[in-house]
Asker: 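I have a structure I would like to understand better, so I am pasting it below and will then ask my questions one at a time.
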Amino acid sequence: MDKLILIDGNSIIYRAFFAMPPLTNSSGLHTNAVYGFTNMLLRLIQEEKPTHILVAFDAGKVTFRHEGYQEYKGGRDKTPPELSEQFPLMRELLESFGISWFELAGYEADDIIGTLSKQGEDSGREVLVVTGDKDMLQVVSDKVTVALTRKGISEVEPYGPKEIEEKYGLSPLQIIDLKGLMGDASDNIPGVPGIGEKTALKLLHQFGSVEEVLARTDELKGKMKENLVNHSDDAVMSKRLATIFREVPVERSWEDMTFNGIQGDTAAPMLRKLEFKSLIERLSLISGDGNNENDGSNEKDQAAAASEVEVTVVDSESVSELNELLPTIESMYLESYGENPHHANIMGLILSTGERHFYLSDQFLLDKSQAEAVIKWLGDGNYPKRGYDLHRTDLVLHWHGIPFAGASHDIELAAYLLDPTNNDQTVSALAEKYGLAHVASDDDVYGKGAKFKVPDTGTLSKHLAHKIEAITKIIPLQQGDLKKNEMNALFFDLEMPLSRILADMEKQGVSVDRESLVELGKEFEVQINKLVSQIYDIAGQEFNLNSPKQLGEILFDKLGMPVVKKTKTGYSTDAEVLEKLAPYNPIVQYILEYRQLAKLQSTYVEGLLKEIRPETGKVHTYFRQTVAATGRLSSQFPNLQNIPIRLEEGRKIRKVFVPSEEGWFMLAADYSQIELRVLADISGDKGLQEAFLHDMDIHTKTAMKVFGVSAEDVDSNMRRSAKAVNFGIVYGISDYGLSQNLNITRKEAAKFIDQYFEAFQGVREYMDSIVKEARRDGYVKTLLERRRYLPEINASNFNLRSFAERTAMNTPIQGTAADIIKLAMVLMDKALYDHQLKSRMLLQVHDELVFEVPPEELELMTKLVPETMEKALSLSVPLKSEVSSGVNWYETK
DNA sequence: GGTGTCACG
DNA sequence: ACGTACGTGACACCA
């Protein structure tokens with residue numbers, strides 16, 4: 001069966017250009033749009049396996065649509081030169097791939113595609129049109145599918161007649177009527193004023209076509225009718241402009257469009273010229289060895305091989321075969337249940353030599369006599385382990401009594417470093433990203449929620465085999481990417497070693513004094529009950545205090561208090577609002593106190609109690625190393641990075657975190673002002689550096705410089721303002737944000753900021769240059785080359801762009817601070833080992849490390865920890881760490 | 001599952 | 001003119 005793919009070259013290349021970060025090859029040629037296009041093309045070829053392909057382009061500026069309507073496509077921004085220079089490259093690349101393309105003066109790519117899709121359809125062939133232009137939906141039929149790009153060009157959404165009906169309730173041809181009524185700003189097609197998509201759809205559902213709407217305007221009323229009557233000509237013309245012309249004299253025969261697979265001998269040199277290294281690797285996967293064996297059968301073989309992957313289900317007979325191959329295992333993957341690795345059962349394990357895959361069921365793996373050699377291999381650090389989420393693997397195996405060692409390449413962790421904001425880092429998504437054979441998503445194979453079900457061994461082992469094939473292929477590709485981004489040290493010397501250290505901390509856990517916690521809960525309970533009855537009393541009724549909706553009704557409807565702020569669903573009742581309402585009625589203060597205690601009770605008493613392991617009396621958090629966009633860690637099940645400290649009531653919770661051994665101490669050390677010290681270093685601001693070189697109180701020093709007074713004249717208010725400004729600077733300051741924080745006007749906030757930048761000019765220069773850098777590169781970096789891409793830095797939407805700019809300012813600061821404490825953790829782990837200490841590292845809280853320490857090591861640790869933290873990284877200003885210890889976490893202050 | 005709220009750095 | 005401080009996770013509602 002023939003299958004033709006028609007691609008709207010202009011549409012795709014435009015979208016690729018704006019979706020991709022700027023990219024140039026070593027001779028300065030811009031290549032990002034071509035790269036995006038090629039990436040998409042390779043994926044299409046792999047997934048759709050077309051027999052024919054043609055790429056259509058617009059030719060020249062003037063088309064037949066300009067006859068009678070000069071303004072067509074008027075008001076468009078000029079094509080940026082960075083994009084223009086990529087069109088010739090595009091054509092050259094297509095020719096090198098053996099793919100035909102076509103353009104014709106006076107016609108748009110749309111019309112060429114419309115014509116060829118009609119010809120294909122008429123001769124009974126299957127056609128797939130790829131474009132970003134919704135207008136194209138009008139050519140959809142049983143034979144013609146239109147794939148629209150989404151999210152830039154990284155995804156396409158196929159539309160057949162059914163999908164159009166579901167989404168719009170229209171037939172494909174009615175798409176033209178839709179455009180006629182609503183117009184299209186990007187093509188400067190006017191449509192009818194006041195009619196947008198919603199109204200247009202309503203009209204079409206009622207009348208069916210533009211002509212019918214115009215003929216029956218007497219059935220309508222109001223402004224809409226008026227507009228339709230007054231602009232009926234516009235509607236008719238707009239419909240005509242939106243109609244794709246399907247009789248273009250196309251000089252391409254069916255044979256001309258034949259696609260015989262990518263011609264490796266010409267395509268590879270072209271990709272090399274463009275310096276698309278990762279695409280060259282993909283090319284070899286698609287076109288075999290890159291020679292001329294690219295007939296259809298080869299591709300079919302590959303597809304078949306992918307679905308019929310061979311996997312050995314290990315049993316008492318085949319285990320000896322695996323045992324012999326253990327030293328040659330390339331990669332591994334452990335599948336387990338649920339989110340919390342400390343409570344996860346094993347579903348299965350797959351090991352791969354690259355050629356052969358071995359699946360072990362949980363029963364087999366947990367049978368220590370049968371799986372003896374495999375278990376030994378897992379725990380032997382001399383055998384490197386490459387795989388996916390080895391941190392989780394380590395924990396899951398640990399709780400099943402199986403030691404794990406030797407993690408050397410974790411593709412999830414590497415994927416995180418290569419793009420920390422990409423939140424879909426599943427094997428399936430990574431396989432797609434690297435253009436590998438499709439790997440089904442876990443949800444598709446296992447089902448989710450109530451439908452979750454482990455499939456039979458055959459299905460499961462094959463799914464895992466597909467995963468391990470992808471993992472094995474991704475490893476070398478990532479190694480190339482990491483090297484290119486100069487992230488080898490970050491990955492191999494910092495993050496990979498850290499993942500083992502985190503696993504050790506998590507296995508160790510923190511002891512919780514359950515009885516004290518229960519007692520504390522009882523105290524809270526008494527106070528909460530008292531507050532609740534006082535609140536109901538004043539309200540004159542009982543209601544659900546935990547429901548912001550019901551609370552809002554009581555405060556604003558029943559008690560008639562002024563509405564300070566609204567949320568998208570109703571009245572806002574957050575603490576900021578309640579503070580403002582406090583003078584009106586004593587109920588407000590009670591509610592604030594209730595909120596505080598209810599939070600402590602539900603999250604920190606009840607929540608924490610649920611997480612204590614009864615056997616050990618410990619909580620075992622799970623530090624996540626691949627979620628925070630800045631490079632920080634996060635903590636789950638329970639979150640031990642947000643235990644209360646600011647208010648005394650809550651701070652008492654810290655008393656229940658105790659050493660796990662009799663007579664030991666808790667010891668905590670935190671970096672003092674690490675983010676501002678990092679800022680002093682990377683901005684090079686002399687004043688800021690000097691302040692830290694003399695170890696001054698930074699907020700007082702800031703107040704002195706900003707307000708132009710001497711140290712003695714800084715009052716508490718000035719210091720408070722300066723502190724807020726310092727925070728603002730770290731977050732990527734805006735006058736609005738600062739005004740909110742300090743409860744002052746925006747003007748006053750703007751003045752503070754201005755004075756700050758006058759006083760610290762180096763900081764101003766840094767903020768300007770980092771935003772410029774982000775615009776130029778599409779990403780920002782930390783001192784250790786950790787990256788964060790900021791695709792929205794060039795957005796036309798003010799909000800998106802502003803957000804990206806603040807992120808550009810904040811991420812190098814927060815991220816470098818994260819780098820530093822991670823370095824300190826690796827050093828501390830080594831120091832504990834080198835000194836053969838019994839002390840254990842338990843927690844990291846962004847700028848703080850918490851240990852439990854036997855009494856005989858307390859003196860040593862009190863020196864060793866801050867010293868180690870301070871020498872983690874050498875900056876132009878000193879790092880400072882403050883240490884303290886006590887019988888529980890509360891006392892380390 | 002989304003929203004509001006609030007705990008931390 | 002635009003409308004937000006940066007980064008997380010947990011809990012309770014409510015549709």
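Just so it is clear: chains get the letters A, B, ... in the order the sequence lines come, proteins before strands, and each one is counted from 1.
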Asker: Below the 4.0 Å mark, does C:dC13 have OP1 or OP2 next to a side-chain nitrogen or oxygen of A:N544?
Answerer: yes

Asker: Looking at A:Y779, is A:R787 sitting on its ring face, NZ or CZ under 6.0 Å from the six-membered ring centre and within 45 degrees of the normal?
Answerer: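 That pair qualifies as a cation-pi contact.
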
Asker: Between C:dA5, C:dG9, C:dC2, spot the one nearest the side chain of A:F798, thanks.
Answerer: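 Of the options given, the side chain of A:F798 lies nearest C:dC2.
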
Asker: Is any side-chain heavy atom of A:L633 less than 4.5 Å from a side-chain heavy atom of A:H846?
Answerer: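 Of all side-chain heavy-atom pairs linking A:H846 with A:L633, none is under 4.5 Å.
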
Asker: To check you understand the geometry: which heavy-atom pair defines the closest contact between A:L790 and A:A774, and what is its length?
Answerer: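 Here A:L790 and A:A774 meet closest at CD1-CB, 4.1 Å.
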
Asker: Under the salt bridge (Lys or Arg N to Asp or Glu O under 4.0 Å) rule, collect the residues that match up with A:K522, sequence neighbours excluded.
Answerer: A:E519

Asker: Taking the side chain as everything from C-beta on, heavy atoms only, tell me whether A:V730 gets closer than 4.5 Å to A:Q814.
Answerer: no

Asker: Mind checking if A:G728 touches a base, just sugar-phosphate, or nothing, with heavy atoms under 4.0 Å?
Answerer: base

Asker: Base, sugar-phosphate, or nothing for A:A817, non-hydrogen atoms under 4.0 angstrom?
Answerer: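 If one applies the 4.0 Å heavy-atom cut-off, A:A817 turns out to touch nothing in the nucleic acid.
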
Asker: State the dot-bracket string of DNA chain C. Criteria: Watson-Crick or G-U wobble, both atom distances under 3.5 angstrom; notation: ( ) intrastrand, [ ] crossing earlier pairs, | interstrand, . unpaired.
Answerer: .....|||||||||.

Asker: Looking at the side chain of A:S602, which of C:dC11, C:dT4, C:dG9 is the nearest nucleotide?
Answerer: C:dC11

Asker: How is A:S635 classified with respect to the nucleic acid when contacts are heavy atoms under 4.0 Å: base, sugar-phosphate, or nothing?
Answerer: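 Counting heavy atoms under 4.0 Å across all strands, the contact made by A:S635 is with sugar-phosphate only.
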
Asker: According to side chain to side chain donor-acceptor pair (under 3.5 Å), who are the partners of A:S734, at least two apart in sequence or on a separate chain?
Answerer: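 Counting only residues at least two positions away or on another chain, A:S734 forms no side chain to side chain donor-acceptor pair (under 3.5 Å).
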
Asker: Calculate the interatomic distance between A:F637 atom CZ and C:dT8 atom C1'; express it in whole Å.
Answerer: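 Whole-Å distance recorded here is 14 Å.
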
Asker: Is the shortest side-chain N/O distance from A:S634 to OP1 or OP2 of C:dG9 below 4.0 Å?
Answerer: yes

Asker: Give a yes/no on whether any side-chain N or O of A:R788 is located under 4.0 angstrom from OP1 or OP2 of C:dG7.
Answerer: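 Yes, because at least one side-chain N or O of A:R788 sits under 4.0 Å from OP1 or OP2 of C:dG7.
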
Asker: Check the distance between C:dG3's P and A:E792's CD and give it to me in whole angstrom.
Answerer: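 That distance rounds to 16 Å.
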
Asker: Applying a 4.0 Å non-hydrogen cut-off, can you work out what A:R746 is touching in the nucleic acid: base, sugar-phosphate, or nothing?
Answerer: base

Asker: Could you tell me how far B:dC6 sits from C:dC2 if I compare only their C1' atoms? Round to whole Å.
Answerer: 29 Å

Asker: To the nearest angstrom, how far is A:Q550 atom CD from C:dC14 atom C1'?
Answerer: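 Checked: the CD to C1' distance equals 10 Å.
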
Asker: Starting at the 5' end of nucleotides 3-9 of chain B, put B wherever the base has a protein heavy atom under 4.0 Å, S where only the sugar-phosphate does, and a dash everywhere else.
Answerer: SSSBBBB

Asker: Round to the nearest Å and state the distance from A:R624 atom CZ to C:dA10 atom C1'.
Answerer: 15 Å

Asker: Who pairs with A:D695 by salt bridge (Lys or Arg N to Asp or Glu O under 4.0 Å), at least two apart in sequence or on another chain?
Answerer: A:R677, A:K880

Asker: For the C1' atoms, the ones on B:dA7 and on C:dG3, what distance do you get once it is rounded to whole angstrom?
Answerer: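 Per the computed distance, 26 Å lies between those C1' atoms.
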
Asker: Under the rule for side chain to side chain donor-acceptor pair (under 3.5 Å), what residues qualify as partners of A:T816, not counting sequence neighbours?
Answerer: none

Asker: Using a 4.0 Å heavy-atom cut-off, does A:A724 contact any base of the nucleic acid, only the sugar-phosphate backbone, or nothing at all?
Answerer: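 Contact class for A:A724: base.
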
Asker: Are the aromatic rings of A:H343 and A:F637 close, with centres under 6.0 Å apart?
Answerer: no

Asker: What is the distance from CZ of A:R786 to P of C:dG7, rounded to the nearest Å?
Answerer: 15 Å

Asker: With a 4.0 Å cut-off on N to O distance, would you call A:E758 and A:K705 a salt bridge?
Answerer: no

Asker: Are A:D697 and A:R719 close enough for a salt bridge, meaning some N to O gap below 4.0 Å?
Answerer: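 A salt bridge is present here (some side-chain N lies under 4.0 Å from a carboxylate O).
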
Asker: Nearest to the side chain of A:S547, which nucleotide is it out of C:dA10, C:dC13, C:dA5?
Answerer: C:dC13

Asker: Using atom CG of A:L551 as one end and atom C1' of C:dA12 as the other, report the distance to the nearest whole Å.
Answerer: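 After rounding, the reported distance stands at 13 Å.
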
Asker: Round to the nearest Å and state the distance from A:M767 atom CE to C:dA5 atom P.
Answerer: 18 Å

Asker: Can you tell me if the side-chain N/O atoms of A:R806 get under 4.0 Å from OP1 or OP2 in C:dC6?
Answerer: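 Answer yes for this pair, as a side-chain N or O of A:R806 is under 4.0 Å from OP1 or OP2.
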
Asker: May I have the distance from A:L597 (atom CG) to C:dC11 (atom P), rounded to whole angstrom?
Answerer: 17 Å

